[in-house]
2 protein chains.
Amino acid sequence: MRIRTIDWSKGAIKIIDQTRLPREFKYIYIKSLKELWQAIKVMQVRGAPALGAAAGLGVYLGIKDLKTDSAARLKKELDRVISYIGSSRPTAKNLFWGLERMRKVFLLHKDKPVAKIKDYLLKEARQIMEEDRVACRNIGRYGAKLINRKDTILTICNAGILATIDYGTALGVIYRAYEEGKDPKVFSCETRPMLQGARLTTWELNKLGVDVTMICDSMAATLMQQGRISKVITGADRIAANGDTANKIGTFNLAVLSKYHGIPFYIAAPESTFDLKIKSGKSIHIEERGRKEMTELFFRHPIAPAGVKVFNPAFDVTPHDLISAIITDKGVIRPPYIKNIRKIILK
Amino acid sequence: MRIRTIDWSKGAIKIIDQTRLPREFKYIYIKSLKELWQAIKVMQVRGAPALGAAAGLGVYLGIKDLKTDSAARLKKELDRVISYIGSSRPTAKNLFWGLERMRKVFLLHKDKPVAKIKDYLLKEARQIMEEDRVACRNIGRYGAKLINRKDTILTICNAGILATIDYGTALGVIYRAYEEGKDPKVFSCETRPMLQGARLTTWELNKLGVDVTMICDSMAATLMQQGRISKVITGADRIAANGDTANKIGTFNLAVLSKYHGIPFYIAAPESTFDLKIKSGKSIHIEERGRKEMTELFFRHPIAPAGVKVFNPAFDVTPHDLISAIITDKGVIRPPYIKNIRKIILK
């Protein structure tokens, strides 16, 4: 089974509409910047690495039809497009990393004809996707070395095929271990409020034949207490210079539980997720999302009194001292992170 | 606002149908044992203390129309009724405690005329309810002493009016603190899979004017990290002789998080929740419930692939060393529990 989360096709950004999963597997074609902004906002496309690709393709989509021969005019439009895409979701580093790569490519070629610059921009967007494909496989290769036969691995949200181009970060590690015959078993936290674990992670693991069991987020503690979890692996949205890691809300919870139970807790993420300009997690901006995600569940049925107050942060920050190792495409980074991240991540 | 969760009325057990909340506030009248069994199973009535009352009323409902003058015949029917009600849910101690109280009343009066015995049984069922009303107010009184002005209290599931006759255990403490003008603020975990926190706790706190904010279960860790929780209080379904406490799935998770963050973690429960025959939580039978509660959310919309494996324990066990104190109707019990529970709980 071959699944590709995002691509450039027929003059549009082709994505799987992830809000329809698991009920329906459907590609949609995004032909305008506004559609892309909306698709990111409502999470038709999501996952830090996939957002990096969406940023690259989005910039090209935003400028490709601009009728001008002036690079200055192109730059003005490019700035507007980059700023607009960047306003869709604030937490994942990869989105901004993708946007900055596109800006750099423009600056590198700004003296060339506009048509040529546009070609370079599309090429760069494709390059981002190709690099992610390679990076995820490297994460898988490095990470699988940490996995033993018959490990039972807990994960949250979706850091798999559907969060990347076609392989995954945390799930990439599991896929590689599976390919190596290590027969890992997976428990997937359903991941309230948007249920990426219930909808997406179980779906893709099922498709690929990996044994997966769904739990409610609150059940992880019991599984650990019963000795049924040997490792925890999650993805990341942004990693600070000291290793503090922003990821889907609930990740920090799992890290505390892992510490209490003496279970290794791993983060898996490509280099593009690191933000070395940020010293610690304290400076990571956490997106707070709308109330209806919580009060009306995923499909519009009210589950709380009208007008109830809610707190709906999309991410949390796991302090570096709870993280056993960070599995990257450049190798596995262990504490002390403040030193070892800089050795491996060169940005 | 006066809310009564369960009562005997018009020859039937009158309950609020809690599966309809918060959309609809509706009393239903349970006229057969089978209806009662079903109501407990699907949680139209739930909460450990309310189940104690349901047990008492259920026994009377089950035998009141028995046409016999023979106490032996009545006993046979009583045994059948007790065993049947006991099969509805296995974890809450109060259910079995209520059933045993009814059995004892029969044994005490078994030499009296059958009509008289029936009267005694109804009287005992009413007595169970009255005692719960008093017990909850005592829990509130003892517990409120632990609450400071402007405390922000996290709770899970519903241990309030809707889990008791008309006041609550964990929420009883909050109501009393509120009545004393301490202005507590509450965060309510939504409590997957059945969403008692989202549906019931927010509903009743709103009704009574207590400030409440709903969170997903996975967000508690972030609130604690931000210093926004000063205390955690939950109810209990069964408390072992050493203080290990079974309660709604997710409670143990909160206890571990509280320990990590240095936040007091309290259990609130009446004497009837203690099971001193059980040495530790290891012997507590944890109910595993059906898959659809998880895969179809609360109202039948699929949120996971068909056939996905699930793990759906209804309760978890919090080890006594994570519990700061147990607030009971007889006073506040602190560690060492193995000694101090026996001093206060006389059963």
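By convention in this document, chain letters (A, B, ...) are assigned in the order of the sequence lines, proteins followed by strands, and residues within each chain are numbered from 1. The basis for the numbers below is simple: all heavy atoms, side chains too, and nothing from hydrogens, waters or symmetry mates. None of these values were measured; they are calculated from a predicted model.
One finds no salt bridge joining B/Arg192 and B/Asp217 here, because no Lys/Arg side-chain nitrogen approaches an Asp/Glu carboxylate oxygen to under 4.0 Å. A salt bridge links A/Glu287 and A/Arg289; the closest N-O separation between the charged side-chain nitrogens and carboxylate oxygens is under 4.0 Å. Taking the charged nitrogens against the carboxylate oxygens, A/Lys150 and A/Asp183 do have a contact shorter than 4.0 Å, which makes a salt bridge. Under a 4.0 Å N-O distance rule, the pair A/Arg2/A/Asp166 qualifies as a salt bridge.
Using a 4.5 Å cut-off between non-hydrogen atoms, the part of residues 225-236 of chain A that approaches chain B consists of A/Gln225, A/Gln226, A/Arg228. Close approach to chain B, defined as a heavy atom under 4.5 Å from one of its heavy atoms, is seen in A/Ile249, A/Gly250, A/Phe252, A/Asn253, A/Val256, A/Leu257, A/Tyr260, A/His261 of residues 240-262 of chain A, taken by number.
Nearest heavy-atom pair, A/Pro90 versus A/Arg238, reported as atom, atom and distance to 0.1 Å: O-NH2, 3.5 Å. Of all heavy-atom pairs between A/Phe265 and A/Ile267, the closest is CE2-CD1, 3.8 Å.
In terms of non-hydrogen atom pairs under 4.5 Å with chain A, the most contact-rich of B/Val310, B/Asn312, B/Thr213 is B/Thr213. Counting heavy-atom pairs under 4.5 Å between each of A/Pro305, A/Ala220, A/Ala221 and chain B puts A/Pro305 at the top.
Heavy-atom neighbours of B/Lys41 NZ from other residues, nucleotides or ligands within 6.0 Å: above the threshold of 12.
Only the side chain of A/Asn206 comes within contact range of chain B, with heavy atoms under 4.5 Å apart.
By the salt bridge (Lys or Arg N to Asp or Glu O under 4.0 Å) test, A/Asp321 is found to be paired with no residue, residues two or more places apart in sequence or in another chain being considered.
Residue pairs meeting the salt bridge (Lys or Arg N to Asp or Glu O under 4.0 Å) criterion with at least one partner in residues 305-320 of chain B, sequence neighbours excluded, are A/Asp211-B/Lys309.
Remark: the A/Gln18 side chain and the A/Arg46 side chain contain an N/O donor-acceptor pair separated by less than 3.5 Å.
Counting heavy atoms from C-beta on, the side chains of B/Tyr178 and B/Leu208 never come closer than 4.5 Å.
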